[in-house]
Structure formats: C-alpha cells, structure tokens
Amino acid sequence: MISLQQSIKTVFFNCSVLISKSGEKTFSNFYGFSNIEKKEKINEKSQFPIASVSKTFTATAILQLKQQGKLKLDDPVQKYLPDFPYPNVTIRHLLSNTSGLAEYYHLFDNVIKEQPEKIISNGDIIPTLLQNNTPLSFSPGDKWEYNNLNFCLAALIVEKISGIAFRAYLEKNIFKPADMRDSFLPENRKLKKPNQVELYAYPNFYSTSLVNITNLKDPFLISEKSNFYGNGGIVSTALDLQKYQNALFKYQLLGKKELEEALTPAKLNNGKIASYRFEEKEIAYGLGWEMYTDESNGKIIFHDGSITGLTSILMHNIDKNQTVILLSNNAAPMFVLSNAISQLINNKPYVIPVQNLSRMYGSLLESGSEEKANQLIEEYLKNPKSYNASERDFNSLGYQFLRLQKNENALQTFAAATLIFPKSANIYDSYGEALLQCGKKEEAIKMYQKSVELNPDNENGKKVLKGLL
C-alpha cells in the first residue's frame, strides 16, 4: 500500500481514509488536523458529520419497517402523515428523490423572518408547506431531483410508525446491531462532542486559504437556523462506516430482498432510469443510494455528502467486495478521489486529483493578475491533467463574482469556461445571463443562441431569446 499512501499525500487536505476488501480492513490512515488552531491531529476516534451519507441510514430504516410489514413503499405519505398536502407522493418517491417537492433553501424564509430565534426542524416542514400553499415542482415520478426534504419526511414516517425519536431508532436498530460505538445523531448539531472535528472551508470560490467555519456566514440562512435530520446529521467515524457497510451486506440490517431493492435504480413514469450525469459518469439513484456500473470494475454503489467545511463518501464495489470510505473536514473532491483509489487498488490507471483550476484562476483574477490567469487557462488547455477542472466550479465562481458586482471578473470567468467546456449548453446560458446583467445585450444574444444550439431543450434560453429578439 506504499503507492497508495504516497498518492493520497499528493492531495492536500485533512482526511480519514479506510479501504477494505472482502469485509476486512486493508488500509487505514489519517491526514491533517481535526483542529488546525490547536494542531490536534485526526485519529481513528475522530468523529465527522457524514452529511448526506446519512440518507442511506434513513432508507435502511424505512426498508426495515417495510421488511417487518409495517409499511409499503408505494403507500402514500399521507397514510402516515395525514396533514401532508400532496396525495400522490409515495414513500418510494421520497427515497428515490422523485417526489417533486420544493427545495428547502428558501421555503422557510417567512418563518425565519417572523420568528428569528426559532430553530426549524422536521416537524415544521408540513405546516410550512401548508401555510405557503407550496406547489410541487413536477408530478411525482416524472423527474429526478435531489431534495433534502424527502429524507426529512421519511424520518418523520419512521418516528410515526416506530413510536420513538429517529435518533433512538437509529441507535437501537442500526448503530447497535452493527456495533457502531462511535456514531450518533446529535439532538443539537451545534453542540460538539470532544472527539468531533472542527470544520474548515474556503470563504469564497477564489480563496486559497482555509478558515474555520465558525468565522464564516453560511450562504443559506436555513443552514444556520435549522436542525433537520434524516437528510443528514449523523456523526460517525470511518471505522464505524465500515462496520455499517459490512452489516448491510451480511444482511444483518436488511434482508437480501430489501437491500437489492435499495440498490436497484429507480424508474421514472416514462420508464427511464432516475439518474444524473457527473464527472463523465451516468449516476443512477435507487432508494437512498447512488450507483453506476464501470465496465472493468463492475457495479459500484455509494453516497457522498457535503456541507460547509465537510465532504464524505462511502463507496462499495459490489462485484469485487471492496469499500472506500473518506471523511474530510474541508472541501475535497471525494467522488474523484474515491474512484482514483478504487482504480489504484485494482492495479489500473488512475488520476489523483490535483489543484482546483477555477480556484487558482479566480484567485489570480481577484489579485489583478489577469495575464497570469489567462496563461493558466492556456496551460490547462495544453495539458488538462495539470489541474482539476469542473463545469460546476467555474459556474459557481462566475456567479459569485457577479453577485459581488465584480462584473469584469465574472465575464472573464464565463469566457474561460466556454474554452474549457465548449460543448456545455449550461455554461453558454450562464455566460449569456452574465452578459445581459452587465448590459451587453448583443453578446448575450449570441451566447443564448449557442446554448440553445447545443441543447434544443433549453426552454429558459428560448424564453430569454424571445424577449431579446
């Protein structure tokens, strides 16, 4: 494992790593600090919030109740939560992210305004949906759309059927049977236990220095004002997550039928698989689990998680019985890194993530080094392996510059992105929006036209063009 150790060290981040084959731990190590200010190092007892990896636990809880005959996946949510206002949304829709529910980022704005001291939790979801008369974004089953509310509601169903708090249910039916002694769902996630790591993040998309998140303002007010569970919230260790994975696949938590159901891609109403595209892979979504099939490595199931100051992933290769677990208390490209590790342990070509191109580019623009920023893009185009570049990162950087009224930086960022991602309709659409905001109508029209040319289904682009021409 020397080559693995050296490879991971090339990525600068704080992390707990565990790799297992056939259920047995084959590699485990820790990098960086659990508390940078105090120089306290990450160790095997370091506890991390696992963010959306928690969704697999919520799905497991629901499937346990299904296995016991206490619910059916195609039961309407209203059967268990009578005030829920959408009669056609089922439990299956919740676990497969196909419900059509509105996202929660701005759903509670009025509640926060009217009750600024209130901490919003799962019990506030249905009353707020009713009060706002919030419509569904689409008919249940028509689309796939990642949504935290789905799993918050699923946790409420677990509580309703079991008659105990969700954290108590997890302890009794998952943590204890799997011997997960260092895992828990905090009653108040703002209160940390002694072994919990501090979280660090970049203050913006063009920063190159990490900051403790206690010194940062979260971009979404709901994150500071809420204490949701089911969608995230669990605190655990890499070793405990290995125990969880082992217990699952030894059918100690679920029967074979229920586990296979969780790991089968969900289907939309039109018969297509519920999926999205990421890092050049088609990722399908089952019931609380993500998955894809690699021609050489077989079927891989996973869930990753991300909150301000933390990234996590639990990835398991079903065909080879290999597991990669990564927990980091700062931003790290978990999906890319876990795939690289998977390739490495199977003696196949791999690429360990390198520096983030958009962050380096944005930093140069912000410091006034436009020429160096342009040179960086030229270097990347000649040698794409020199930096890690993602469309999402460039889009986020461009919009952040725009929000901060750093218009020239925003336009240069989107222009650079069109060179790196020339076939991305989304990038051209974003560039068009930025140009329009900056009063450059004619140039904006060209970008929107290019976007629609690349994606004839871009209804937003068509709508904007109609208003401009």
Side-chain angles (χ1 to χ4, degrees), residues 47-62 65 77-78 80-86 89 91 93-95 97 99 101-134 146-175 183-193 196 199 213-214 217-236 288 305-310 312:
Q47 295 171 309
F48 295 75
I50 62 172
S52 286
V53 177
S54 303
K55 289 179 171 66
T56 70
F57 288 79
T58 305
T60 297
I62 287 284
L65 296 172
V77 173
Q78 275 186 352
Y80 306 97
L81 306 174
D83 293 335
F84 184 70
Y86 315 107
V89 174
I91 297 173
H93 289 138
L94 297 181
L95 296 188
N97 276 322
S99 67
L101 286 171
E103 257 297 0
Y104 73 175
Y105 295 110
H106 296 290
L107 183 64
F108 301 93
D109 285 356
N110 287 338
V111 179
I112 294 170
K113 186 178 179 181
E114 293 167 6
Q115 304 176 65
E117 301 305 314
K118 180 179 174 63
I119 298 299
I120 298 164
S121 191
N122 294 40
D124 297 300
I125 295 171
I126 293 175
T128 304
L129 290 171
L130 289 167
Q131 183 180 344
N132 295 346
N133 197 23
T134 309
Y146 196 82
N147 191 321
N148 285 299
L149 284 187
N150 290 323
F151 288 83
C152 294
L153 289 163
L156 286 176
I157 292 172
V158 172
E159 291 183 324
K160 184 68 177 287
I161 294 175
S162 68
I164 58 176
F166 189 61
R167 62 182 50 85
Y169 183 93
L170 293 175
E171 178 63 35
K172 179 182 177 182
N173 297 283
I174 299 180
F175 298 156
S183 300
F184 62 96
L185 178 64
E187 194 161 346
N188 181 347
R189 58 183 170 82
K190 293 186 184 299
L191 299 178
K192 288 185 177 179
K193 292 201 173 182
Q196 271 186 255
L199 305 183
I213 67 164
T214 56
K217 184 174 177 62
D218 198 289
F220 296 107
L221 191 57
I222 187 62
S223 299
E224 295 181 0
K225 298 288 187 179
S226 65
N227 195 40
F228 293 118
Y229 53 90
N231 61 317
I234 292 174
V235 175
S236 189
S306 176
I307 55 176
T308 302
L310 178 122
S312 59

Report task. Starting from the C-alpha separation in whole Å, work towards a yes-or-no answer on side-chain contact (heavy atoms from CB on, under 4.5 Å) for Y105 and N148. Result -> CA-CA 10 Å; Y105 295 110; N148 285 299; 4.0 Å; yes
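Under the rule for a side chain to side chain contact (heavy atoms under 4.5 Å, CB included), the partners of A102 that lie at least two apart in sequence or sit in another chain are T134. Residues meeting the side chain to side chain contact (heavy atoms under 4.5 Å, CB included) test with D83, sequence neighbours left out: I126, L130. Checked against ring pair (Phe, Tyr, Trp, His ring centres under 6.0 Å), F84 has the following partners two or more places apart in sequence or in another chain: Y86. For N122, there are no side chain to side chain donor-acceptor pair (under 3.5 Å) partners at least two apart in sequence or on another chain. For the side chain to side chain contact (heavy atoms under 4.5 Å, CB included) test, residues two or more places apart in sequence or in another chain that qualify with S54 are I50, I234. Partners of Y146 by side chain to side chain donor-acceptor pair (under 3.5 Å), not counting sequence neighbours, listed by chain and number: S52, K55. With sequence neighbours excluded, no residue forms a salt bridge (Lys or Arg N to Asp or Glu O under 4.0 Å) with K172. Listed by chain and residue number, nothing satisfies the side chain to side chain donor-acceptor pair (under 3.5 Å) test with R167 (two or more places apart in sequence, or in another chain). Judged as a side chain to side chain donor-acceptor pair (under 3.5 Å), and not counting sequence neighbours, the contacts of S223 are D218. Applying the side chain to side chain contact (heavy atoms under 4.5 Å, CB included) criterion to I161, with sequence neighbours excluded, gives L65, K70, L71, Y80, I157.
The OG atom of S236 lies 11.5 Å from the CG atom of L185; values are rounded to the nearest 0.5 Å. How far CG of N147 is from CG of L153: 9.0 Å, rounded to the nearest 0.5 Å. Rounded to the nearest 0.5 Å, atoms CG (N227) and OG (S121) are 5.5 Å apart. If you take CD on Q47 and OG on S183, they are separated by 7.5 Å, rounding to the nearest 0.5 Å. Rounding to the nearest 0.5 Å places CG of L101 at 6.5 Å from CG of L129. The structure places NE2 of H93 at 11.5 Å from CD1 of I91, a figure rounded to the nearest 0.5 Å.
Side-chain contact between R189 and S226 is present, with heavy atoms from C-beta onward closer than 4.5 Å. Counting only heavy atoms from C-beta outward, the side chains of F228 and F151 never approach each other to under 4.5 Å. Counting heavy atoms from C-beta on, the side chains of T58 and Y169 never come closer than 4.5 Å. For the pair L191 and P186, the minimum side-chain heavy-atom distance is 4.5 Å or more. The side-chain heavy atoms of V158 and I62, taken from C-beta on, include a pair separated by under 4.5 Å. At a threshold of 4.5 Å between non-hydrogen side-chain atoms, the residues I307 and L199 count as touching. The shortest side-chain heavy-atom distance between V235 and K193 does not fall under the 4.5 Å cut-off.
Taking both residues in full, the closest heavy atoms of G230 and A155 are given as CA-CB, 3.9 Å, listed atom of the first, atom of the second, then distance. Across all their heavy atoms, A51 and L310 have their closest contact at CB-CD2, 3.9 Å. Taking each heavy atom of Q196 and K192 in turn, the nearest pair found is OE1-CA, 3.4 Å. In terms of heavy atoms, T128 sits closest to D124 at OG1-O, 2.7 Å. Closest approach of A154 and L95 over heavy atoms only: CB-CD2, 4.1 Å. Annotation for G288 and A59: closest pair CA-CB, 3.9 Å, computed over non-hydrogen atoms.
When atom types are taken as modelled, the side chain of K225 and the backbone of I120 share no donor-acceptor pair closer than 3.5 angstrom.
Pairs of residues two or more places apart, or lying in two chains, that qualify as side-chain hydrogen bond (donor to acceptor under 3.5 Å, both in side chains) and include a residue from residues 150-160 are N97-N150, S99-N150, E159-Y229.
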Determine all donor-acceptor pairs shorter than 3.5 Å in which one atom belongs to a side chain in residues 106-114; sequence neighbours excluded.
| residue | atom | partner | partner atom | Å |
| --- | --- | --- | --- | --- |
| H106 | ND1 | D109 | OD2 | 3.2 |

